[in-house]
Amino acid sequence: MFLQAEKAELPRILDYYKKDLRNCLYGYIDIKKYGIEDTNLNLYYSEKDGALNAVATEYYGGIQLYSFENRGDLESILSFLREKESPSINGSRELLEQIYPCLKAEYELAVGFVSRMGNGCLETEEPEEVEEAGEEDYLEIARLICSDRELGGLSDPGKLSRQFLKRSRERFGRHFIIRQDGEIVCHAATYAEADNLAVISGVITREDCRSRGLAGKTVGKLCRVLLAEGKTPHMFYYRENAGRLYRKLGFDAGTGWGRLLRREGEAGA
């Protein structure tokens, strides 16, 4: 059974996250940044014999699920997820592959990796065409991201652009882009930053501009900025060609990650 966390539960939940930060980055960073007082963030936990065995954050409707060494009770997890009817559920690949057979009528499963940058293999020269986006660019960025279902999920461009604005003003996220003929054709961003951690996501190149090395330049510039600030970049990706790019930049091989995306037309979508 999952319970909604009170403030008194935060210290032990944060300690539980720290057992395996790579597999709970968004949940951990969201709590560190916003706390459970934020109306857009809800925190839930499950325990057995007084010990935590699963934690979930709900942020703007999306679920980040974490269970250290996948020890959570599957029936409790499934009951919680069915009640929430979230448009997306993220967690370790091993955990989501256990859950998926019971949810495959409502969700599609995408599996990928979460990777961390080591020393890096960034180019000496910074690409001049990469620039930091301004608030006036967020709607165009959101439309580009939402053109790819795997990346944008079921997000609405207007809602997504408002999230970008909120994160930017709270110094929780930043966006780097490349323009061609005045239009944004490549994008990479931090979707979460806290302490010495940063999560890069939203990496996309417009379809007609791919295979030109634009994503490598954009991600590379963003990583250079983060490393200079003492922050370790992390990446989530679902395509092997993306993995090859990130390894070339200095990211490790990564560990398994998964995402359940509600099928179009299902209840709660």
Side-chain angles (χ1 to χ4, degrees), residues 20-29 64 66 70 88 90-97 109-133 141 144-145 148-153 173-178 184-261:
D20 186 14
L21 276 175
R22 183 184 296 217
N23 281 311
C24 58
L25 283 164
Y26 275 120
Y28 175 80
I29 294 176
Q64 300 288 330
Y66 167 66
N70 306 313
S88 63
N90 297 270
S92 74
R93 176 175 178 171
E94 294 79 6
L95 182 58
L96 293 196
E97 285 182 336
L109 173 64
V111 294
F113 299 89
V114 53
S115 181
R116 178 174 54 220
M117 175 168 270
N119 294 327
C121 302
L122 302 177
E123 298 175 357
T124 303
E125 298 295 328
E126 292 192 19
E128 294 181 359
E129 64 266 47
V130 181
E131 61 182 285
E132 187 164 2
I141 290 169
L144 178 61
I145 290 171
D148 185 317
R149 174 174 163 78
E150 187 176 277
L151 185 62
R174 61 189 105 179
H175 301 257
F176 283 76
I177 57 174
I178 293 177
I184 296 171
V185 298
C186 190
H187 167 263
T190 53
Y191 276 17
E193 296 184 40
D195 299 339
N196 63 340
L197 302 171
V199 181
I200 297 174
S201 192
V203 180
I204 185 169
T205 302
R206 202 173 69 187
E207 190 171 1
D208 62 328
C209 297
R210 292 174 183 170
S211 302
R212 301 180 189 176
L214 301 183
K217 291 180 178 180
T218 309
V219 173
K221 174 65 177 290
L222 178 53
C223 287
R224 186 188 302 277
V225 171
L226 293 170
L227 291 169
E229 296 175 357
K231 295 181 178 179
T232 301
H234 292 73
M235 292 284 309
F236 292 87
Y237 63 90
Y238 295 88
R239 297 168 179 163
E240 178 51 34
N241 62 336
R244 289 193 296 270
L245 167 64
Y246 303 142
R247 289 192 293 273
K248 186 177 180 181
L249 289 172
F251 285 86
D252 63 22
T255 58
W257 187 253
R259 182 187 193 193
L260 292 172
L261 185 64

side-chain contact (heavy atoms from CB on, under 4.5 Å) for W257 and L25? Distances and angles first, verdict last. CA-CA 12 Å; W257 187 253; L25 283 164; over 6 Å; no
Between R210 and I204, is the side-chain contact (heavy atoms from CB on, under 4.5 Å) condition met? List the steps. CA-CA 9 Å; R210 292 174 183 170; I204 185 169; 4.3 Å; yes
Does V203 form a side-chain contact (heavy atoms from CB on, under 4.5 Å) with Y237? I'd like the steps, not just the answer. CA-CA 9 Å; V203 180; Y237 63 90; over 6 Å; no
Report the C-alpha distance between E131 and I177 in whole Å, list the side-chain angles of each, state the deciding distance to 0.1 Å, and finish with yes or no for side-chain contact (heavy atoms from CB on, under 4.5 Å). CA-CA 6 Å; E131 61 182 285; I177 57 174; 3.7 Å; yes
Report the C-alpha separation of R174 and E229 in whole Å, then their side-chain angles, then the decisive distance to 0.1 Å, and conclude whether the salt bridge (Lys or Arg N to Asp or Glu O under 4.0 Å) test is met. CA-CA 13 Å; R174 61 189 105 179; E229 296 175 357; 2.8 Å; yes
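Taking the centre of each ring, F236 and Y191 stay at or above the 6.0 Å mark.
Using a 4.0 Å cut-off between charged side-chain N and carboxylate O, R247 and E240 make a salt bridge.
Across every non-hydrogen atom of C209 and L214, the tightest pair is O-CD1, 3.8 Å. Y238 and A110 get closest at one heavy-atom pair: CE2-O, 3.7 Å. In plain terms, the two heavy atoms of L245 and A215 that are nearest each other are CD2-CB, 3.9 Å. Of all non-hydrogen atoms in A198 and E193, the two that sit nearest each other are CB-CG, 4.0 Å. Residues T218 and C186 share a closest heavy-atom pair of OG1-SG, 3.4 Å. The two residues S88 and L261 have their closest heavy-atom pair at CB-CD1, 4.4 Å.
Note that the CG atom of L96 and the CZ atom of R259 stand 11.5 Å from one another [nearest 0.5 Å]. Taken to the nearest 0.5 Å, the NZ atom of K231 stands 11.5 Å off from the CD1 atom of I200. In this structure, the separation between CG on L21 and CZ on R116 is 9.5 Å, given to the nearest 0.5 Å. Atom CG of L222 is separated from atom CD of E132 by 9.0 Å, given to the nearest 0.5 angstrom. One distance of note links CZ of F251 with OG of S115; it measures 6.0 Å at 0.5 Å rounding. Separation of atoms NE2 (H187) and CG (L144) is listed at 8.0 Å; rounding is to 0.5 Å.
A distance-only check finds no donor-acceptor pair linking the side chain of H175 to the backbone of G173 [under 3.5 Å].
Across V114, N90, V199, a single residue satisfies side chain to side chain contact (heavy atoms under 4.5 Å, CB included) together with Y26, and that is V199.
Heavy atoms of other residues, nucleotides or ligands lying less than 6.0 angstrom from CD of E207 number 12 at most.
The shortest side-chain heavy-atom distance between L249 and C223 does not fall under the 4.5 Å cut-off. When side chains are defined from C-beta on, I178 does not count as touching R212, because their heavy atoms never get closer than 4.5 Å.
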